[in-house]
**Student:** 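Below is one structure. I have some questions about it.
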Amino acid sequence: MNTSCKANAEQFRSVTNLFNPNLTKIHRGNFGKGYLPFLSRNCQKEVKGGRSGKSNVILSLSSSSTQNHVEMAAQDQGEGLTYKDAGVDIDAGSELVRRIAKMAPGIGGFGGLFPLGDSYLVAGTDGVGTKLKLAFETGIHETIGVDLVAMSVNDIVTSGAKPLFFLDYFATSHLEVDLAEKVIKGIVDGCQQSDCALLGGETAEMPDFYADGEYDLSGFAVGIMKKDSVIDGKNIAVGDVLLGLPSSGVYSNGFSLVRRVLERSGLSLKDNLPGSSFTLGEALMAPTVIYVKQVLDIISKGGVKGIAHITGGGFIDNIPRVFPKGLGALIYNDSWVVPPVFKWIQEAGKIEDIEMRRTHGNWNGYSRI
């Protein structure tokens with residue numbers, strides 16, 4: 001995730017006005033370890049690094065998603081694998097959301113807000129995608145439920161909501177009780193990490209619908225917050241900073257591309273991740289970090305103005321969602337350590353940087369808000 005909050009005078013000033021680059025002076029030496037700094041696109045010409053004089057900016061973002069997509073297309077000139085090659089068209093998904101928004105105005109945030117007295121109920125729903133395919137192949141079913149909970153509660157906490165309860169949907173052709181129990185135990189674990197209740201769920205047995213031993217999952221989370229405490233990004237201003245929280249792995253996004261990379265690499269899930277003592281299966285199945293308690297603690301200290309959950313669409317589509325019109329950001333390529341699993345994915349798949357940033361938002365080593 002990335003959080004945008006008011007910085008003190010000594011911290012790096014990073015959110016700037018797209019139409020007036022002179023409002024913020026850039027001093028790259030002010031970067032702090034553990035932060036993910038951003039700047040406006042108009043300031044890119046001021047940022048230089050090293051003796052070569054080459055820019056260290058790797059990505060510019062603005063509040064205009066169309067502009068970001070045009071710039072991304074211009075940069076993506078490589079011949080490596082893409083998410084679309086793997087069968088997932090992010091642009092088609094975005095177009096569907098736009099069409100749904102015409103029928104149901106008000107959607108489009110990370111969580112849906114429903115007024116209830118002086119509070120809002122905040123709801124979210126998600127699945128775990130084709131990470132399930134790897135669960136079937138590795139036999140690792142104990143943590144996929146944690147992923148399921150994480151995808152929804154990490155969404156609703158972006159508005160500052162505390163999760164109240166979670167519901168799950170487990171569907172399979174033939175119910176294998178021991179297997180289902182492992183999955184549900186992971187869901188219970190995720191709810192405990194989120195400090196919310198597993199209120200109920202649905203188990204659907206549908207013969208001939210799924211392959212033997214396979215299943216599908218969906219999850220639904222509901223939280224609550226006071227109306228006067230909503231975090232919506234409207235107050236983000238020039239001079240604020242964006243901070244990244246560390247990622248533990250691939251989480252539950254981009255696995256259609258990951259599986260294509262695995263196929264191309266010639267390695268199996270039982271082989272070690274190059275340069276690591278973990279197998280590829282273990283590295284790729286690492287459960288999603290649930291950031292609820294950490295983020296609510298940060299919010300309680302004050303100053304947080306906007307939160308973005310970096311999942312499908314990565315940096316490109318998610319960070320601009322919390323910016324007011326006229327504000328943008330630039331990301332620097334040496335302000336984090338890239339986890340080994342992402343290095344392997346990119347190298348084995350010959351994936352362009354820009355494709356990684358849109359498919360695997362947590363590729364940078366920082367994620368979730």
Side-chain angles (χ1 to χ4, degrees), residues 1-3 5 100 104 106-129 142-171 180-181 183-204 216-234 245 248 251-253 287-312 318 321-322 367-369:
M1 290 184 173
N2 297 107
T3 59
C5 56
I100 294 174
I107 73 164
F110 293 103
L113 276 63
F114 184 84
L116 183 69
D118 63 351
S119 300
Y120 282 117
L121 292 179
V122 185
T125 182
D126 211 334
V128 293
E142 294 83 357
T143 56
I144 200 73
V146 176
D147 292 308
L148 183 68
V149 175
M151 299 307 291
S152 289
V153 297
N154 285 343
D155 262 348
I156 66 174
V157 78
T158 60
S159 61
K162 180 191 181 303
L164 294 175
F165 59 85
F166 187 82
L167 301 168
D168 72 271
Y169 174 81
F170 178 96
E181 182 184 21
V183 175
I184 302 303
K185 280 185 176 179
I187 295 174
V188 170
D189 184 12
C191 288
Q192 290 173 344
Q193 292 183 42
S194 309
D195 196 22
C196 71
L198 177 58
L199 201 60
E202 168 73 5
T203 301
D216 199 8
L217 293 172
S218 295
F220 316 86
V222 175
I224 193 167
M225 63 176 309
K226 295 295 184 181
K227 287 182 177 178
D228 59 4
S229 300
V230 174
I231 295 173
D232 55 16
K234 292 180 179 179
L245 302 185
S248 63
Y251 293 165
S252 301
N253 291 99
T288 306
V289 172
I290 292 178
Y291 295 91
V292 170
K293 293 180 181 178
Q294 185 178 4
V295 169
L296 291 178
D297 180 61
I298 294 171
I299 292 172
S300 71
K301 292 176 170 57
V304 177
K305 298 181 177 181
I307 304 176
H309 186 193
I310 313 303
T311 54
N318 288 296
R321 290 169 67 178
V322 298
S367 177
R368 317 298 179 201
I369 298 192

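Throughout, residue positions are numbered sequentially from 1 according to the sequence presented.
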**Student:** Taking side chain to side chain contact (heavy atoms under 4.5 Å, CB included) as the definition, give me every residue that meets it alongside Ile144, ordered by chain and number, with sequence neighbours left out.
**Tutor:** Val128, Lys131, Leu132, Asp147, Val183, Tyr215, Leu217, Met285
**Student:** Search all heavy atoms of Met151 against all heavy atoms of Ser252 and return the closest pair with its distance.
**Tutor:** SD-CB, 3.8 Å
**Student:** Flag yes if more than 12 heavy atoms outside Lys162 fall under 6.0 Å of its NZ atom; otherwise flag no.
**Tutor:**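 More than 12 heavy atoms, drawn from other residues, nucleotides or ligands, come within 6.0 Å of this atom.
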**Student:** Lys293: what forms a salt bridge (Lys or Arg N to Asp or Glu O under 4.0 Å) with it, not counting sequence neighbours?
**Tutor:** none
**Student:** Partners of Val222 by side chain to side chain contact (heavy atoms under 4.5 Å, CB included), sequence neighbours excluded?
**Tutor:**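 With sequence neighbours excluded, Val222 shows a side chain to side chain contact (heavy atoms under 4.5 Å, CB included) to Leu121, Ala123, Phe165, given in chain and number order.
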**Student:** When you look at Lys301 and Asp297, which way does the salt bridge (charged side-chain N to carboxylate O under 4.0 Å, His left out) test go after all the steps?
**Tutor:** CA-CA 7 Å; Lys301 292 176 170 57; Asp297 180 61; 2.9 Å; yes
**Student:** For a 4.5 angstrom cut-off between non-hydrogen side-chain atoms, does Ile298 reach Leu245?
**Tutor:** yes
**Student:** Is Asp195 close to Val292 at the side-chain level, that is, under 4.5 Å between some pair of heavy atoms?
**Tutor:** no
**Student:** What's the spacing between Asp216 CG and Phe170 CZ if we round to 0.5 Å?
**Tutor:** 9.5 Å
**Student:** In terms of the angle between their ring planes, are Phe110 and His309 parallel, tilted or perpendicular, with boundaries placed at 30° and 60°?
**Tutor:** tilted
**Student:** Can you measure from SG (Cys196) to CD1 (Ile224) and round to the nearest 0.5 angstrom?
**Tutor:** 13.5 Å
**Student:** Distance-only, no hydrogens or angles: does the Thr125 side chain make a donor-acceptor pair with backbone N or O of Gly219 under 3.5 Å?
**Tutor:**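 Yes.
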**Student:** Taking side chain as C-beta onward, heavy atoms only, is Phe166 less than 4.5 Å from Ile187?
**Tutor:**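 SC-SC contact between Phe166 and Ile187 confirmed.
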**Student:** Above 12 or not: heavy atoms from other molecules or residues under 6.0 Å from NZ of Lys227?
**Tutor:** yes
**Student:** To check you understand the geometry: which heavy-atom pair defines the closest contact between Pro287 and Thr143, and what is its length?
**Tutor:** CB-CB, 3.9 Å
**Student:** Treating Asn154 as the side-chain partner and Val289 as the backbone partner, does any N or O pair qualify as donor plus acceptor under 3.5 Å?
**Tutor:**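 Pair found, side chain donor or acceptor close to backbone of Val289.
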**Student:** Give, for atom CG of Leu148 and atom OG1 of Thr288, the distance between the pair rounded to the nearest 0.5 Å.
**Tutor:**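 Going from CG on Leu148 over to OG1 on Thr288, the span is 9.5 Å.
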**Student:** What is the minimum heavy-atom distance between Ala161 and Pro163, and which atoms define it?
**Tutor:**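 Scanning both residues completely, I find the closest heavy atoms to be O-CD, 3.6 Å.
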**Student:** Identify the heavy atoms of Cys191 and Leu198 that sit nearest to each other, and give their distance.
**Tutor:** SG-CB, 4.0 Å
**Student:** Quick one: closest heavy-atom pair of Ile307 and Thr158, and the distance?
**Tutor:** CB-O, 3.4 Å
**Student:** Any side-chain heavy-atom pair from Gln193 and Val149 closer than 4.5 angstrom?
**Tutor:**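 Gln193 vs Val149: side chains apart.
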**Student:** Check Val230 against Met225 and note the closest heavy-atom contact, atom names and distance.
**Tutor:** CA-CE, 3.1 Å
**Student:** Looking at OG of Ser194 and CG of Asp189, how far apart are the two atoms once the value is rounded to the nearest 0.5 Å?
**Tutor:**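 It comes to 9.0 Å.
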